[in-house]
Amino acid sequence: MGGNTVVWFRKGLRLHDNPALLAALDGATAVMPLFILDPHFLRPQNVGGARMRFLLESLSDLDASLRARSSRLIVLHGAPPAWLSEARRGGGGGRSAAHRGCGLTLFTARPGKPEEVLPRALKAWSAKRMCFEWCVAARVQGAKRTPDGSLHTPRTRDWEPYAQARDDAARQAAQAVNCEVVTPVGHTMYDPRAVIAANKGSPPLTYTAFLKVIDKMGGPLQPVADAPAVLPSPLPNAEALSGFSHGIPEAEALGYPPMDSDAAVAFVGGETQALRMLEAHLARTQWVAAFDKPQTDPTQRILPLSRTAVPSNPFEAAKGAKQSDGAGPSSGAPLLVPSTTGLSPYLKFGCLSSRLFARRLRELEKSLKMHTQPPTSLMGQLLWREFYYAVATGTPNYERMVGNKVSRQIPWARDEALIAAWENARTGFPWIDAAMTQLRTQGWMHHLARHCVACFLTRGDLYQSWEEGVRVFDRLLLDADPALNIGNWLWLSASAFFYQYFRVYSPVAFPKKYDPKGAYVRHFLPVLAKMPDKYIYEPWKAPLDVQRAAGCIIGKDYPAPIVDHETASKANMDKHAKAYAAHKAAHGGGGDDGDEKPSKKAKK
DNA sequence: TCCGACGTTGGAGCG
DNA sequence: CCGCTCCAACGTCGG
């Protein structure tokens with residue numbers, strides 16, 4: 001063996017429990033840890049500012065950890081400085097251009113794609129082996145329309161998700177220069193392909209079925225390895241590839257506007273912070289033991305911590321601090337802890353290994369007399385992730401409704417104005433708009449808040465396609481992981497996995513249970529800061545003099561509600577019932593696949 | 001083939 | 001504040 005080896009990082013931005021990295025180290029003389037800033041992801045239409053910053057921070061952290069081990073991260077991109085300054089000036093940008101944080105030009109020429117960079121790099125470095133993490137092909141592309149407007153995504157039968165095409169191209173590039181390619185599974189505990197195989201060739205479609213399958217399979221396939229103490233150094237001047245720039249840029253240099261002040265409080269990217277957060281959570285033994293997902297509070301906010309002085313244990317630091325109900329992110333605001341772990345962004349980028357998390361959880365659970373169980377326990381949350389990965393891997397056209405066998409075919413309405421109102425936090429429902437504002441500024445929402453806004457956009461109120469929701473979440477969430485994001489949208493829209501469409505979240509009653517004084521809404525929608533508690537979730541009901549006193553006139557300072565929730569949700573239930581009946585009519589008599597459109601003549 | 005229990009997280013009204 | 005029932009209405013699994 002021996003020779004020069006490349007470890008190509010995409011997700012998996014960590015040194016601990018990194019199978020691709022370990023495979024690269026085996027017998028290598030020089031190891032080039034490589035990250036390519038893919039222009040596909042440098043577009044605010046595809047990746048929002050908060051996630052781009054999280055990524056760049058994660059890269060800096062990885063670089064620092066590598067440098068402490070006599071190595072370094074080689075970050076290559078094809079953007080010459082002139083291209084970047086062009087980006088900063090902004091320009092077009094389609095429908096996204098008006099959004100905060102989305103003022104960047106749509107680029108037609110996008111140099112520096114991995115399939116351009118890799119052949120040059122492998123050749124220049126005389127690489128004998130390249131290792132990268134195997135990745136499920138579920139990348140979501142921008143929304144597209146058919147001329148008749150009936151479908152939401154292209155109907156090309158052989159349309160290949162982005163990651164699949166990228167990785168295939170990488171393999172070919174390596175083969176062309178006789179470079180061996182190794183692609184172990186590192187992102188999940190189980191190889192999704194093995195789960196599918198163990199279930200007779202198709203993914204399990206219920207959580208309990210999934211649990212049975214992995215029980216049969218035994219433990220996770222891969223052991224959990226520590227970070228290597230030292231790495232073979234990369235070739236000197238490995239970065240010097242003509243035609244490409246190198247180094248980790250600032251988000252501003254990539255054309256992103258300065259960070260929103262509220263965004264600054266949320267998450268700091270990188271493996272170092274991920275492990276720190278993990279330990280902080282595991283130290284709260286009783287909290288872990290009692291963790292019961294549906295009981296966690298969606299209105300708790302992320303702790304405002306300084307990006308330069310992160311407390312080693314935010315939960316200790318938060319002790320004694322009171323929840324602020326003031327408007328806006330005031331300086332010196334008390335620390336607020338999320339009611340969940342907030343580790344999802346770290347799992348998405350692989351700053352934290354799910355297998356390390358699971359192993360530590362299992363150890364802790366063994367030491368406890370009693371603890372909660374899947375699906376609602378913390379371990380249960382990690383297993384949901386595995387479940388969705390198996391479904392995503394085994395479902396062609398997973399990212400869209402048409403041609404997706406697990407998705408019910410629903411005749412969603414389409415109204416650009418409604419979608420835009422939802423996306424831009426202008427629905428007139430404070431709970432929905434506050435949650436969407438948290439998403440837009442911080443890149444994170446509690447799971448139950450996601451339920452509410454997803455139900456609202458789809459089956460609950462607006463009856464718009466879940467694909468529109470996927471698109472927005474995919475851009476704005478720090479933790480946007482297509483397999484999980486799409487799976488949850490299928491769930492919430494009652495298109496797959498969950499079918500009790502008559503259980504609709506009320507944008508008024510639901511948040512009241514957790515936060516009757518509306519502190520969460522007041523924080524994210526300062527315009528409503530002075531609205532009396534009684535009207536905080538339905539300000540349109542406040543008498544005009546109350547609105548005046550609160551300095552917030554509905555219809556002027558804050559939108560009037562774009563739908564009547566009671567009327568809309570009832571009408572939508574009826575539509576869903578008809579769509580289900582059409583499905584039953586089409587499949588009841590031994591019908592085949594789900595290609596046929598929902599029929600209008602469905603029986604009641 | 002039928003029937004009942006179950007499914008991570010609904011709302012409203014009642015006692 | 002809790003636990004319970006009902007609400008028009010679901011599909012899946014197992015016996």
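Below, read A as the first sequence line, B as the second, and so on, with proteins coming before strands; counting in each chain starts at 1.
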Can you tell me which nucleotide in [options] comes closest to the side chain of [X]?
X	options	value
A:Y505	B:dG10, B:dT8, C:dA9	B:dG10
A:A509	B:dG11, B:dT8, C:dA9	B:dG11
A:W491	C:dA9, B:dG10, B:dT8	B:dT8
A:T206	B:dT9, C:dT12, C:dA8	C:dT12
A:F510	B:dG10, C:dA9, B:dT8	B:dG10
A:Y580	C:dC10, B:dT9, B:dG11	C:dC10

Task: Complementary nucleotide of C:dC2, counting Watson-Crick and G-U pairs under 3.5 Å - done: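 Paired with C:dC2, as far as the under-3.5 Å criterion goes, is B:dG15.
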TODO: Could you check which nucleotide pairs with B:dA5 in any of the strands shown, counting Watson-Crick or G-U wobble with both distances under 3.5 Å?
DONE: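 Partner of B:dA5: C:dT12.
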Mind checking the [atom1] distance from [N] to [M]? Whole angstroms is fine.
N	M	atom1	answer
B:dC6	C:dA8	P	24 Å
B:dA5	C:dT5	P	13 Å
B:dT1	C:dA9	P	24 Å
C:dC1	B:dT9	P	24 Å
C:dC7	B:dT8	P	25 Å

Please state how far atom [atom1] in [X] lies from atom [atom2] in [N], giving the value in whole angstrom units.
X	N	atom1	atom2	value
A:R408	C:dG11	CZ	P	6 Å
A:H576	C:dA9	NE2	P	17 Å
A:R503	B:dA12	CZ	C1'	14 Å
A:Y499	B:dA5	OH	C1'	18 Å
A:Q500	B:dT9	CD	C1'	11 Å
A:K293	B:dT9	NZ	C1'	9 Å
A:L205	C:dC10	CG	C1'	16 Å
A:K575	C:dC10	NZ	P	19 Å

- [ ] If the plane angle is over 60° it's perpendicular, under 30° parallel, otherwise tilted; pick one for A:W491 and A:F498.
- [x]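 Plane angle under 30°, so parallel.
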Under a 3.5 Å threshold, yes or no: a donor from one side chain and an acceptor from the other, between [X] and [Y]?
X	Y	result
A:H446	A:T296	yes
A:R408	A:H583	yes
A:Q300	A:Y514	no
A:R385	A:H187	yes

Open item on the list: Whether A:K212 contacts C:dT12 is assessed here as follows: a side-chain N or O lying under 4.0 Å from the phosphate OP1 or OP2. Is that the case?
Closed with: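 No.
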At under 4.0 Å between heavy atoms, what does [X] touch on the DNA or RNA strands: base, sugar-phosphate, or nothing?
X	value
A:K513	sugar-phosphate
A:Q381	base
A:T376	base
A:Y207	sugar-phosphate

Task: For the student: nearest non-hydrogen atoms of A:P375 and A:Y207, plus distance - done: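 Shortest heavy-atom separation between A:P375 and A:Y207 comes out as CB-CE2, 3.3 Å.
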Open item on the list: Going by centres under 5.5 angstrom and planes under 30 degrees, do the aromatic ring of A:W384 and the base ring of B:dT8 stack?
Closed with: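 Here the ring of A:W384 and the base of B:dT8 are stacked, with centres under 5.5 Å and planes under 30°.
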Open item on the list: Between A:H16 (side chain only) and A:L275 (backbone N and O only), is there a donor and an acceptor less than 3.5 Å apart?
Closed with: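 Looks like no, no N/O pair under 3.5 Å.
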